[in-house]
Amino acid sequence: MSNNDGCAISRSNEAKALGVKMGAPIHKMKDLIERHRIVCLSSNYALYGDMSKRVMNVLRMFTPQIEVYSIDEAFLNLEGIAGPLKDYCLRIRETVIQRTGIPVGVGIANTKTLAKAANKMSKKNGGVFELTDPAKIEGALANYDVGEVWGVGPALTAHYARRGITTALQLRDADAKDIERKHSVVAARTVLELRGVPSIPIEEVTPDKKNICVSRGFSRPVFTLHELCESVSVYASRAAEKAREQGLNARSMSVFVETNRFKDVKQYANSYSIELPVPTSDTMELVRFAVRIVAMLFVDGIEYKKAGVLLNDLSSEGVQTNLFDDEDRMRLMRLNRAMDLVNKDWGDGCLSFASCGIGRSWITKFSKRTPRYTSRWNELAVART
DNA sequence: TCTGGGGTCCTAGGACCC
DNA sequence: TCTGGGGTCCTAGGACCC
């Protein structure tokens with residue numbers, strides 16, 4: 001299950017057979033789960049990260065030229081390996097199982113895209129599948145849905161389908177220039193890769209992160225400033241921790257909040273970014289800015305004097321007021337007021353999601369598809385005050 | 001009541017510059 | 001009818017990946 005045990009994100013073959021869909025909300029499957037006594041387990045990302053490292057270290061014994069692509073995938077450059085590659089890869093597979101107990105699939109090909117396809121095919125072919133013989137490639141790609149190809153997502157699949165391209169073979173034989181004109185260089189690269197022309201290099205050194213984001217949907221709606229600040233502070237300190245782990249400093253910070261998009265009520269979403277005066281990964285520093293941004297989210301553009309609200313006792317709400325200067329205090333007074341107004345107007349559709357992100361660029365961008373109602377928000381606040 | 005959480009890159013178009 | 005011709009930077013949004 002995903003975070004907060006909300007969704008099914010990994011399923012056994014038995015669960016799949018019972019119709020448990022990828023990403024399906026657990027709470028909508030209560031009956032199914034009970035009827036078939038399906039076992040639901042919380043996820044443990046620290047454990048997976050640790051196991052991943054162990055597997056990757058075993059792979060490193062077989063070639064120094066390795067790109068750790070994700071928590072459970074790696075590309076190995078086998079150029080210059082003597083003897084049949086398939087035998088070599090069978091040995092890799094055996095060694096990984098011996099040392100970690102984890103069964104892996106190995107796909108062998110001239111390009112990353114073909115290797116990914118071969119890897120998928122390996123699952124039904126003894127764990128190792130080679131895709132280097134032209135005739136074999138042709139046959140395999142003819143039976144491979146274009147949507148399964150690495151780099152071809154739902155949008156491209158639909159576009160290709162309209163032009164009669166439904167298999168990987170048809171995409172391979174399409175006009176690459178035409179694909180580039182109609183779509184992008186990325187799509188064109190996929191075509192070349194399917195032809196066996198390496199167009200996506202193996203990246204042995206992992207590039208530094210450009211953004212770090214910590215975001216959570218709340219397990220229940222959040223109504224008070226105290227709860228919001230508390231959550232965002234936790235996200236900010238987690239983000240700071242991640243930055244330090246990676247030896248990075250943030251130059252900007254962004255916070256966004258959203259109402260519950262699954263509810264059929266008026267939606268609100270907003271975000272605010274700042275440049276940090278000095279690049280940092282210091283927890284207290286970043287938490288302080290995060291809380292200030294929360295204030296900015298709500299009160300941007302409202303005159304304090306017009307608001308004319310009384311200072312709420314922030315410490316009785318549990319907010320650490322020693323983090324604020326006078327200006328922050330003023331913002332927060334207005335924020336308290338704004339939260340009140342929003343709670344009245346939006347009712348139980350109130351904040352359900354928040355995040356804190358930091359980045360290397362001057363402005364951190366986490367664009368969301370959710371519409372923003374900043375002006376509406378301000379109108380509301382001004383009108384009510 | 002409960003509905004995942006991270007990331008990256010590319011492109012089009014507008015603003016702005018000379 | 002004529003109406004310059006290049007550029008760069010930034011941002012939003014789309015698309016993809018795990």
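Chain letters run A, B, ... following the sequence lines, proteins first, then strands; residues in each count from 1.
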Trainee: List in numerical order all residues of residues 101-124 of chain A for which some heavy atom is under 4.0 Å away from an atom belonging to DNA chain B.
Mentor: none

Trainee: Atom OH of A:Tyr45 to atom P of B:dG5: distance rounded to whole Å?
Mentor: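 Value for this atom pair: 9 Å.
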
Trainee: Would you say A:Ser43 reaches B:dG4's phosphate, i.e. side-chain N/O to OP1/OP2 under 4.0 Å?
Mentor: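 Answer is no, no contact under 4.0 Å.
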
Trainee: Distance under 6.0 Å and angle within 45° of the ring axis: does A:Lys136 meet both against A:Phe129?
Mentor: yes

Trainee: Could you give the CD1-to-P distance, from A:Ile9 to B:dT3, as a whole number of Å?
Mentor: 14 Å

Trainee: Using the closest heavy atom to pick a nucleotide of DNA chain B for each, name whichever of A:Gln246 or A:Gly6 lands nearer the 5' end.
Mentor: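 Taking each residue's closest nucleotide, the earlier one in sequence belongs to A:Gly6.
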
Trainee: Got a minute to check which stems DNA chain C is part of, using Watson-Crick or G-U wobble pairs under 3.5 Å, three or more consecutive?
Mentor: B:5-18 with C:5-18

Trainee: Near DNA chain B, counting only heavy atoms under 4.0 Å, which residues of residues 18-27 of chain A show up?
Mentor: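 Going residue by residue through residues 18-27 of chain A, the ones with a heavy atom under 4.0 Å of DNA chain B turn out to be A:Pro25, A:His27.
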
Trainee: Can you tell me the distance, in whole Å, between the CG atom of A:Asn4 and the P atom of B:dT3?
Mentor: 6 Å

Trainee: Please state how far atom CD in A:Glu245 lies from atom P in B:dG6, giving the value in whole angstrom units.
Mentor: 13 Å

Trainee: A:Asp208 has an atom CG; how far is it from atom P of B:dT8, in whole Å?
Mentor: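 That distance rounds to 10 Å.
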
Trainee: If you define the side chain from C-beta out and look only at heavy atoms, does anything of A:Val191 sit under 4.5 Å from A:Asp173?
Mentor: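 No, every pair of side-chain atoms sits at 4.5 Å or beyond.
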
Trainee: In this structure, how many angstroms lie between the P atom of B:dT1 and the NZ atom of A:Lys30, rounded?
Mentor: 13 Å

Trainee: Of A:Thr167, A:Thr157, A:Leu169, which meets side-chain contact (heavy atoms from CB on, under 4.5 Å) against A:Val146?
Mentor: A:Thr157

Trainee: Quick check on B:dC9: is either OP1 or OP2 less than 4.0 Å from any side-chain nitrogen or oxygen of A:Lys210?
Mentor: yes

Trainee: Respond yes when some side-chain nitrogen or oxygen of A:Lys242 is under 4.0 Å from OP1 or OP2 of B:dG6, and no when none is.
Mentor: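 For A:Lys242, the contact criterion (side-chain N or O under 4.0 Å from OP1 or OP2 of B:dG6) is met.
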
Trainee: Verify the contact: side-chain N or O of A:Asn211 to OP1 or OP2 of B:dG6, cut-off strictly under 4.0 Å; return yes or no.
Mentor: no

Trainee: Is a side-chain N or O of A:Thr111 found less than 3.5 angstrom from the main chain of A:Ala109, in a donor-acceptor match?
Mentor: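 Checked: no pair found.
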
Trainee: For DNA chain C, find the residues of residues 153-180 of chain A with a heavy-atom distance under 4.0 Å and give them by number; none if there aren't any.
Mentor: A:Gly153, A:Pro154, A:Ala155, A:Leu156

Trainee: Side chains of A:Tyr235 and A:Ser215: does their closest heavy-atom pair fall under 4.5 Å?
Mentor: no

Trainee: Would you indicate whether the side-chain heavy atoms of A:Lys182 and A:Arg163 approach each other to under 4.5 Å?
Mentor: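 Yes, close enough: below the 4.5 Å cut-off.
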
Trainee: Starting at atom CE of A:Met29, determine the distance to atom P of B:dT1, rounded to an integer number of angstrom.
Mentor: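 Atom-to-atom, A:Met29 to B:dT1, this comes out as 19 Å.
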
Trainee: Between B:dT8, B:dG4, B:dG6, which nucleotide has the shortest distance from any of its atoms to the side chain of A:Ser215?
Mentor: B:dG6

Trainee: Judged by modelled atom types alone, do A:Thr63 and A:Gln65 share a side-chain donor-acceptor pair under 3.5 Å?
Mentor: no

Trainee: Please work out which of the three classes, parallel, tilted or perpendicular, describes the rings of A:Tyr69 and A:Trp150, given edges at 30° and 60°.
Mentor: perpendicular

Trainee: Same cluster or not: are A:Tyr45 and A:Met1 linked, directly or through other Ile, Leu, Val, Met, Phe, Trp or Tyr residues, by side-chain heavy atoms under 4.5 angstrom apart?
Mentor: no

Trainee: Does A:Phe75 share a hydrophobic cluster with A:Val68, counting links as ILVMFWY side-chain heavy atoms below 4.5 Å and allowing steps through other members?
Mentor: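 In one cluster: no.
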
Trainee: So, A:Asp5 and A:Ser42: side-chain donor and acceptor under 3.5 Å apart, yes or no?
Mentor: yes

Trainee: Please check if the number of heavy atoms outside A:Glu79 that lie under 6.0 Å from its CD is greater than 12.
Mentor: no

Trainee: Need one value for A:Asp72: base, sugar-phosphate or nothing, where a base atom within 4.0 Å counts as base even if backbone is also close, heavy atoms only.
Mentor: sugar-phosphate

Trainee: In the structure I gave you, are the side-chain heavy atoms of A:Val20 and A:Leu32 within less than 4.5 Å of one another anywhere?
Mentor: yes

Trainee: Has A:Arg189 got a side-chain N or O lying under 4.0 Å from the OP1 or OP2 atom of B:dC9?
Mentor: no

Trainee: Could you pull out the closest heavy-atom pair between A:Ala74 and A:Leu59, with the gap in Å?
Mentor: CB-CD1, 3.9 Å

Trainee: Contact class for A:Tyr69 vs. all strands (heavy atom < 4.0 Å): base, sugar-phosphate, or nothing?
Mentor: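 Sugar-phosphate, backbone atoms only, no base.
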
Trainee: Keeping to residues at least two apart or across chains, list the salt bridge (charged side-chain N to carboxylate O under 4.0 Å, His left out) pairs with something in residues 104-113 of chain A.
Mentor: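 Found A:Glu67-A:Lys112.
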
Trainee: Quick one: which protein N/O atoms are closer than 3.5 Å to N/O atoms of nucleotides 12-14 of chain B? Pair and distance per line, please.
Mentor:
none

Trainee: Touch check for A:Val149, heavy atoms < 4.0 angstrom, all strands: base, sugar-phosphate only, or nothing?
Mentor: sugar-phosphate

Trainee: So which of A:Arg60, A:Arg54, A:Lys53 actually passes side-chain contact (heavy atoms from CB on, under 4.5 Å) with A:Met56?
Mentor: A:Arg60

Trainee: May I ask you to check whether A:Glu241 and A:Ser237 show a side-chain donor-acceptor distance below 3.5 Å?
Mentor: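 Absent: no donor and acceptor within the cut-off.
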
Trainee: Specify the separation, in whole Å, of atom CD1 of A:Ile71 and atom P of B:dG5.
Mentor: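 Checked: the CD1 to P distance equals 16 Å.
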
Trainee: Using the C1' atom as the point on both nucleotides, what is the distance between C:dG4 and B:dC17, in whole Å?
Mentor: 14 Å

Trainee: Going by distance alone, is a donor N or O of one side chain under 3.5 Å from an acceptor N or O of the other, for A:Ser70 and A:Asp72?
Mentor: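 Yes, A:Asp72 and A:Ser70 have a side-chain donor paired with an acceptor closer than 3.5 Å.
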
